[in-house]
There are 4 protein chains.
Amino acid sequence: MSTKTQTKRKVGVLGATGSVGQRFILLLANHPNFELAKLGASSRSAGKPYKKAVEWKQTSLMPSQAADLVVTECKPEEFADCDVVFSGLDAEYAGAIEKAFVEFGLVVVSNAKNYRRELDVPLVVPTANSDHLDIVAEKVRLAKAKGEKRPGYIVCISNCSTAGLVAPLKPLVDKFGPLEILTTTTMQAISGAGFSPGFPGIDILDNVVPFISGEEEKIEWEAKKILGHLKNDKTTVLNDDSMKVSAQCNRVAVSDGHTECVALKFAKRPAPSVEEVKKCLRDYVCEATQLGCASAPKQAIHVLEEQNRPQPRLDRERDGGFGVSVGRIREDPVLDFKFVVLSHNTIIGAAGSGVLIAELLDAKKLL
Amino acid sequence: MSTKTQTKRKVGVLGATGSVGQRFILLLANHPNFELAKLGASSRSAGKPYKKAVEWKQTSLMPSQAADLVVTECKPEEFADCDVVFSGLDAEYAGAIEKAFVEFGLVVVSNAKNYRRELDVPLVVPTANSDHLDIVAEKVRLAKAKGEKRPGYIVCISNCSTAGLVAPLKPLVDKFGPLEILTTTTMQAISGAGFSPGFPGIDILDNVVPFISGEEEKIEWEAKKILGHLKNDKTTVLNDDSMKVSAQCNRVAVSDGHTECVALKFAKRPAPSVEEVKKCLRDYVCEATQLGCASAPKQAIHVLEEQNRPQPRLDRERDGGFGVSVGRIREDPVLDFKFVVLSHNTIIGAAGSGVLIAELLDAKKLL
Amino acid sequence: MSTKTQTKRKVGVLGATGSVGQRFILLLANHPNFELAKLGASSRSAGKPYKKAVEWKQTSLMPSQAADLVVTECKPEEFADCDVVFSGLDAEYAGAIEKAFVEFGLVVVSNAKNYRRELDVPLVVPTANSDHLDIVAEKVRLAKAKGEKRPGYIVCISNCSTAGLVAPLKPLVDKFGPLEILTTTTMQAISGAGFSPGFPGIDILDNVVPFISGEEEKIEWEAKKILGHLKNDKTTVLNDDSMKVSAQCNRVAVSDGHTECVALKFAKRPAPSVEEVKKCLRDYVCEATQLGCASAPKQAIHVLEEQNRPQPRLDRERDGGFGVSVGRIREDPVLDFKFVVLSHNTIIGAAGSGVLIAELLDAKKLL
Amino acid sequence: MSTKTQTKRKVGVLGATGSVGQRFILLLANHPNFELAKLGASSRSAGKPYKKAVEWKQTSLMPSQAADLVVTECKPEEFADCDVVFSGLDAEYAGAIEKAFVEFGLVVVSNAKNYRRELDVPLVVPTANSDHLDIVAEKVRLAKAKGEKRPGYIVCISNCSTAGLVAPLKPLVDKFGPLEILTTTTMQAISGAGFSPGFPGIDILDNVVPFISGEEEKIEWEAKKILGHLKNDKTTVLNDDSMKVSAQCNRVAVSDGHTECVALKFAKRPAPSVEEVKKCLRDYVCEATQLGCASAPKQAIHVLEEQNRPQPRLDRERDGGFGVSVGRIREDPVLDFKFVVLSHNTIIGAAGSGVLIAELLDAKKLL
């Protein structure tokens with residue numbers, strides 16, 4: 001215990017007062033490997049103790065570790081002694097700031113969308129495609145081979161609705177080969193919309209909003225990258241562009257937890273049976289679990305047999321929000337299979353993935 | 001005005017105290033063509049004035065026309081002078097009772113599922129496939145040709161989620177030919193679950209339930225019948241079994257209004273353009289509107305151009321709940337098109353369809 | 001009919017793109033006495049047709065009468081030919097603009113709070129204290145006596161939660177004398193919070209917020225004015241400062257309709273009986289109804305006997321939202337009585353009251 | 001650790017498949033002092049493993065300790081080796097069954113209302129009036145003095161909305177003397193209505209129901225008992241009948257957590273100041289905390305200073321649901337003070353209180 005404490009890695013959070021930033025802080029406050037050392041926010045907040053700068057809106061109380069930290073501006077010098085910096089910045093600011101941090105030599109794990117499409121930037125759902133971190137491993141190896149110190153780099157967290165979708169697909173693709181067709185209709189929680197002001201109550205009470213700006217494009221693109229493979233030299237991702245993906249995204253009156261109705265067709269014939277699909281998901285052990293990462297779910301994919309599950313209120317907290325639930329796996333009259341996926345959009349779909357990615361980087365000695 | 005009043009047709013409602021029955025009563029209370037004459041319910045309610053027998057749970061007040069009607073048991077003799085009887089009975093009772101009514105010579109318009117799959121029973125969404133009422137017309141013609149009086153018969157209202165789905169599909173199929181593939185993911189209102197006890201609050205608050213018993217099968221089967229054609233002799237329906245249909249059904253925290261994310265592929269190549277699809281829907285005038293039926297929507301299909309519509313809270317009341325809204329019509333990366341449909345589940349999806357069917361039967365002189 | 005059309009009075013709406021403004025437009029669009037002639041909004045909207053300037057968020061469609069009206073800035077000259085101008089302006093702007101309109105000689109009916117506390121400005125719940133409009137009548141009389149034209153003046157609509165509270169109290173006070181104590185705990189709808197951005201969904205889903213800024217103070221003050229009497233010379237209101245009022249205000253997950261749990265003690269002993277209180281409320285006919293105003297409720301106060309009513313979803317639309325419901329009238333172990341009041345916060349609690357006030361002014365020949 | 005395990009007390013749960021029973025099981029499954037040994041339910045469930053007998057509806061997974069326990073009928077012989085039996089039985093069955101258990105010599109901690117009004121039965125909110133357990137202590141002392149073994153007895157858990165109300169009142173009464181007047185308006189969660197079928201969704205979505213059968217009477221009566229004192233001989237409770245209590249109870253769209261708007265007047269003049277009230281609540285350490293009970297809250301009463309707190313979604317989980325939050329403490333224009341109380345209705349308001357009562361009985365050596 002004491003040794004661990006001695007070797008805790010210092011971490012920082014950018015956009016610390018926002019919705020994603022608050023979640024990072026909750027997850028990092030009592031973390032066995034990480035020590036919350038720096039909180040960055042806008043110049044309006046800088047200089048204030050965090051508890052004065054933030055409007056705390058989490059269901060858990062503000063961690064004492066964060067309350068008295070003085071907020072700084074999002075400048076790399078301020079975060080120089082951080083082993084990893086988590087970014088919950090809005091896309092508007094993330095581009096320039098994250099670039100500056102990487103150039104300064106820092107490791108950034110970002111929830112922003114700005115660099116997700118860069119093919120040399122890993123876009124990672126940590127319970128699914130942690131192998132894409134090999135891009136980083138290769139960068140670090142090359143630097144060390146040249147006698148240089150570990151370079152700055154960025155790893156991107158995927159979009160929330162993409163994360164839940166691909167989590168159970170990765171083991172299936174690994175076992176049964178690529179998908180030819182993938183469709184999903186999402187019913188997404190409002191916490192994903194942040195808060196300032198967040199999603200208006202009058203728009204969601206007794207209502208469904210069948211549109212989320214940019215969301216369908218993100219799913220359709222990101223799924224191809226995350227389910228893609230690395231080029232042989234491990235420098236870039238080769239997207240799975242042969243897969244056709246169609247997403248329809250809806251906002252529903254749920255606080256946390258994205259539900260998705262998925263259907264898919266494998267490229268290879270004959271397709272596996274329902275039982276083979278279930279077995280594959282049940283047997284799947286993700287790398288983070290194998291490596292003993294602190295936040296790794298005991299079970300990455302929970303296969304539910306009850307006919308009316310998963311449900312966000314009942315299943316979103318499985319394995320601390322890092323476990324994804326899959327239910328109603330059955331044959332589809334049109335494609336091969338259809339099923340329902342539920343994932344916690346602010347844990348495995350955002351801040352939680354960021355923390356687990358950092359744990360993976362640490363376990364792989366890439367920090 | 002006065003002449004109309006003189007010729008109002010007497011109507012009855014079976015299952016009058018239930019959720020669907022209450023809706024029938026609301027729609028019939030001040031109807032220009034129909035006079036609420038008989039209310040049938042269980043023996044527990046029989047003999048009481050309606051206002052004592054019912055727990056009224058509608059957002060409109062109980063119509064005075066119904067309040068003092070004495071409830072009778074569901075026996076055909078009691079309804080002998082009714083020109084049409086609307087059935088809101090539970091499936092458990094509907095089978096035997098509706099059969100007895102038809103054998104007695106009565107016209108039954110039923111919301112129950114029991115006879116929907118009989119191929120000589122029209123299954124009708126009145127703004128879509130009113131031509132299926134030709135089966136009834138043929139029966140009546142044959143009886144009259146033999147010098148017999150108008151026979152008893154039954155017309156079935158479709159399942160609520162099927163109604164909204166096929167409403168915009170029928171004009172498309174009529175113009176562009178049959179569908180090869182049809183998929184829908186529904187987000188259904190809780191009013192569809194009735195009330196005794198209805199859908200539990202704790203199951204729907206901050207939640208989605210990704211399962212509705214029997215619903216997916218109903219959609220997958222009923223769509224094929226409603227989009228099918230009549231046999232040449234007009235005695236039965238030929239289901240469109242070449243169409244593959246896949247439905248995924250969810251219950252969401254909405255009081256009224258089913259939202260569906262639909263995708264489809266036409267059998268013929270090349271498929272029409274998005275603009276052709278929109279024009280077809282905009283130009284569509286249903287037969288009920290052409291015949292001037294009292295409840296017929298001014299516009300059967302509303303094509304919305306706003307990117308975040310239709311929404312249940314904002315759009316379910318269009319044309320008194322008889323108009324169906326379609327939005328976000330766009331190309332689909334997998335099939336031809338995808339779009340969002342919204343329909344009022346207790347109006348066009350249940351009691352309202354029943355009333356409009358009866359208006360069609362009246363206009364077609366089949367009562 | 002045609003004569004009425006000829007004599008329709010021209011009206012304008014200030015703050016036409018906002019939440020209250022949209023409600024004014026809905027209520028005025030097909031009004032028998034008023035013609036929507038002018039729409040005022042910020043300079044950002046001015047010059048655009050209304051349908052381009054507004055994000056329409058009502059459950060009814062945008063009236064065609066408003067859609068193509070070109071929005072103007074909120075300057076009195078633009079509204080010179082309006083017989084009455086309804087103000088849905090935010091308090092931030094209402095003070096200066098409304099003052100300018102009155103000085104220009106216009107009649108302003110305002111939903112803003114700015115002038116509510118001026119003792120020579122009537123603060124009116126039109127089904128309750130329409131006698132306070134005598135202040136205006138006296139102003140007009142004096143001007144005419146001097147041979148001047150009708151002066152500009154302002155009438156204020158009360159705060160939404162105050163309106164529902166005092167509506168049933170006014171007839172009680174008129175009959176049984178003043179109150180010594182009045183307490184209310186409100187459960188208020190989110191539509192009262194407007195929309196830009198309105199009340200955040202994440203704050204109200206599965207939640208209660210036990211605070212509404214400034215609301216308790218408004219109730220505690222406004223009730224004293226509305227239940228007060230006019231000075232003998234009819235120039236000002238004498239607040240009922242002998243009454244002690246305590247309000248506790250909460251926001252709940254309801255779209256429209258404020259529910260209030262009220263308790264009260266009359267000053268005079270013995271207090272009336274429960275039956276006398278009910279009879280007084282049932283027998284009450286407000287002046288607007290007596291004068292035949294177009295929007296006046298058939299029944300200003302609905303006394304409900306069901307033990308679980310009133311409820312917002314079931315009762316808010318009574319008499320088009322102009323009727324207030326009172327239920328569970330019973331003795332209180334602490335004060336004299338307790339009961340539950342339900343009122344439609346955007347109709348009798350805001351824009352609807354404004355329209356009915358204007359109808360009263362018209363009927364009293366004060367426009 | 002090992003010693004504790006050896007001395008774990010065996011406990012049983014009656015009504016184990018119901019809503020309260022499931023909560024008992026969750027709280028007992030990994031309890032440091034108690035071992036879940038027996039589950040009782042109706043004869044319909046008896047003989048089945050618990051996982052087959054129950055429809056599990058909790059947000060946490062079914063504990064493995066319970067899943068395979070075979071359910072028995074609710075007969076005392078079956079529970080003979082239980083040191084304490086928790087009853088989540090419906091009132092319909094609780095009366096006879098609990099009586100039989102006590103006569104058999106068992107200790108029953110009951111959530112049912114049947115024996116709450118017996119003056120020799122302690123009605124206990126464990127963070128408030130644990131001193132009422134002296135009635136039990138006296139019974140046990142007398143039996144032991146006679147050389148008899150520990151007699152069977154019952155302790156009642158209070159009604160959920162009463163628990164939250166009196167939790168902060170007890171320290172105030174202890175310090176500042178009895179109350180003259182107490183009023184509360186509740187906004188109660190639907191989980192309190194159980195599930196079979198529970199509260200209907202259509203009745204609570206976009207709605208408030210201003211009535212809960214029997215609830216106001218329970219609060220008005222139970223508060224007087226809980227805030228009362230023991231007779232000198234410690235055999236019965238002397239209710240505080242000099243206090244006047246008025247409750248108005250509402251159901252709102254909240255899953256867990258009762259919010260109450262409270263106002264009160266102390267009997268003694270001058271009343272304490274707001275700051276004195278806050279300090280009293282902040283300084284309060286309940287006996288369960290002093291005794292180190294496993295479930296005792298670190299802080300029994302949380303005094304919140306934010307103007308819009310407490311809120312059910314944000315504050316119900318404080319101290320595992322055993323901490324009660326009080327906010328907006330301020331002077332009242334009518335009585336002395338008003339404030340908002342939030343309590344977790346299924347923890348401190350039901351099963352949780354039962355478990356903490358048993359811990360107190362254990363600590364006081366009364367089992």
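Here is how names work: the chains are called A, B, and so on, in the same order as the sequence lines, proteins then strands, and each is numbered from 1.
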Inset, instruction - Would you mind telling me which of T162(C), V324(C), V166(C), N159(C) makes a side chain to side chain contact (heavy atoms under 4.5 Å, CB included) with V125(C)? - result: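 The option that passes is V166(C).
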Inset, instruction - Taking the side chain as every heavy atom from C-beta outward, state whether L28(C) and V11(C) have any pair of such atoms under 4.5 Å apart. - result: yes
Legend entry - 4.5 Å side-chain heavy-atom contact, F211(C) and Q248(C):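 Sidechains of Q248(C) and F211(C): no contact.
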Legend entry - Part of residues 249-262 of chain A lying next to chain C, heavy-atom separation under 4.5 Å: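 A253(A), V254(A), S255(A), listed by number.
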Legend entry - Residue N207(C) versus chain A: region with a heavy atom under 4.5 Å: neither
Inset, instruction - Taking salt bridge (Lys or Arg N to Asp or Glu O under 4.0 Å) as the test, write out the residues that go with E222(A), two or more places apart. - result: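 Salt bridge (Lys or Arg N to Asp or Glu O under 4.0 Å) check on E222(A) returns R116(A).
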Legend entry - Test ring-ring contact (aromatic ring centres under 6.0 Å, His included) applied to H31(A) - qualifying residues, sequence neighbours left out: F34(A)
Cut-off 3.5 Å, no hydrogens considered: what does the side-chain donor-acceptor table look like for residues 346-358 of chain C, sequence neighbours left out?
| residue | atom | partner | partner atom | Å |
| --- | --- | --- | --- | --- |
| T346(C) | OG1 | R23(C) | NE | 3.1 |
| T346(C) | OG1 | R23(C) | NH2 | 3.3 |
| T346(C) | OG1 | H344(C) | ND1 | 3.4 |
| S353(C) | OG | I348(C) | O | 2.6 |

